[in-house]
Amino acid sequence: MQSYLVTQIDPFLGVEESDKINSVLKSAWITEGRFSADFVGRLNSLVGVPYGVLAPNGTLALTLGLLAMGIGPGDEVLVPDVTFMGSATAVILCGATPICVDVDPDFFLFDTAKAKKKLTRRSKAMMPVHLFGVSCDMDAIHEFSGKHGLGVIEDAAQGVGVMWRDKHVGSFGDVGCFSFFADKTITTGEGGYISCRNEKIYEKLRLLRNQGRLDRGSFIHPAIGYNFRMTDIQSAMGCAQLDKLDSIINRKKELIQMYRKGLQSVGCLRILGAPTGSNQVAFRCVILAPKIKELAAHLESRKIQTRSVFYPLHRQPCLLNWRNNRTMARWLPSKIQETIQQSESKAFPSSGYFWDHGMCLPMHMKLKETDVEFICQEIQAFYS
Ligand SMILES: *Cc1c(COP(=O)(O)O)cnc(C)c1O
């Protein structure tokens, strides 16, 4: 056994980041400045959109995007049942209601066939989530949103480098929202970015993120806005990370290949790949297999850090509480929660299956070939 813990993630930071951060500190311009302008410009060209703004994190990028699209109280937003909690809390933060939609049974992504059954007169937008480094079927999303008059907000928090038919995710919807949290493909510690194709929405994004004004330094505020800005320290880090993006994408491809090779003999196990039409910039190495909780315990005992996949949204205690009394503070008794969960789980077979069989294996730039070999050997041993 190796002497160290094989971690799930490990941010890929070096002297390139500290050099750029130091130049910000020396210049003493620490709020959004030249690095932020550069970072946004480079993100816009990466995604292939004319407009974009920064945000403090991915959750607030989603909130800001929804607000700029005009989503508010009384509106419903269709959200896939498998995603990070922040996708749904962003909807709640702008006063609207997240509606959980079961995912597709093959790749556990937004399923338009299932979304159809959840449409009401209040449906205003849909939030495809490009989960685990692959793209949703944006052809299907485009057709569905057009047919039913829905806005589209792409949750591309895990989607840097991810393409649907040679176009970057975040370039399809009204807005696309990215996160630069420590475990994302590129990181600024905390941070976010919103891509946008529409000039009117772009203007709203700018007003909303900067206290309702388009320029700094003025104390006359034409619109209600908030402070959703970042710092130039974070943007400097982001620029250094973007310089490394190609090598990150290539390395992740290699690591997934190593996992595939190492696990091909385990017949009962599947590595989640990319649907036809999408590439894969693996956010984690997601596997599906029987006895997955026991496997996780085994790997942990061998100093290999594991993570579960995302818990189905419709079962989240906080959403059950919120739905039942519209407050975030009051809790439903756990007996009642269990009863609701059991009665609703039948309506979400795919997200339930994913939770019961899915698990994340380590995926990051410092992961060595010998680490992957060791992990694969332990998995082989567990199932033999
Ligand atoms: C990380 C993540 C978010 C939230 O981003 P933060 O920067 O952590 O707020 C939202 N959705 C998905 C799918 C994510 O992975």
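Indexing begins at 1, ligand by ligand and atom by atom, following the structure's order.
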Could you pull out the N/O contacts under 3.5 angstrom between ligand 1 and the surrounding protein atoms?
unit_1: ligand 1; atom_1: 5 (O); unit_2: S179; atom_2: OG; d: 3.4
unit_1: ligand 1; atom_1: 7 (O); unit_2: G58; atom_2: N; d: 2.7
unit_1: ligand 1; atom_1: 7 (O); unit_2: S179; atom_2: OG; d: 2.7
unit_1: ligand 1; atom_1: 9 (O); unit_2: G58; atom_2: N; d: 3.3
unit_1: ligand 1; atom_1: 9 (O); unit_2: T59; atom_2: N; d: 2.8
unit_1: ligand 1; atom_1: 9 (O); unit_2: T59; atom_2: OG1; d: 2.6
unit_1: ligand 1; atom_1: 11 (N); unit_2: D155; atom_2: OD1; d: 3.4
unit_1: ligand 1; atom_1: 11 (N); unit_2: D155; atom_2: OD2; d: 2.8
unit_1: ligand 1; atom_1: 15 (O); unit_2: Q158; atom_2: NE2; d: 2.8
unit_1: ligand 1; atom_1: 15 (O); unit_2: K184; atom_2: NZ; d: 2.8

Criterion side-chain hydrogen bond (donor to acceptor under 3.5 Å, both in side chains) on D371 and Y4, from CA distance to verdict: CA-CA 10 Å; D371 296 330; Y4 53 88; 2.4 Å; yes
Trace of the salt bridge (charged side-chain N to carboxylate O under 4.0 Å, His left out) decision for D106 with R270: CA-CA 11 Å; D106 297 321; R270 175 186 163 204; 5.6 Å; no
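Other cluster members for L214: L207, joined by side-chain heavy-atom distances under 4.5 Å among Ile, Leu, Val, Met, Phe, Trp and Tyr. As a member of the Ile/Leu/Val/Met/Phe/Trp/Tyr network built from side-chain separations under 4.5 Å, M126 groups with L78, I99, V101, F110, L119, M138, I141, F144, L150, V152, W164, F172.
Taking the side-chain hydrogen bond (donor to acceptor under 3.5 Å, both in side chains) definition, one finds that E300 meets it with T306, sequence neighbours left out.
Other residues, nucleotides and ligands contribute over 12 non-hydrogen atoms within 6.0 Å of the CG atom of N227.
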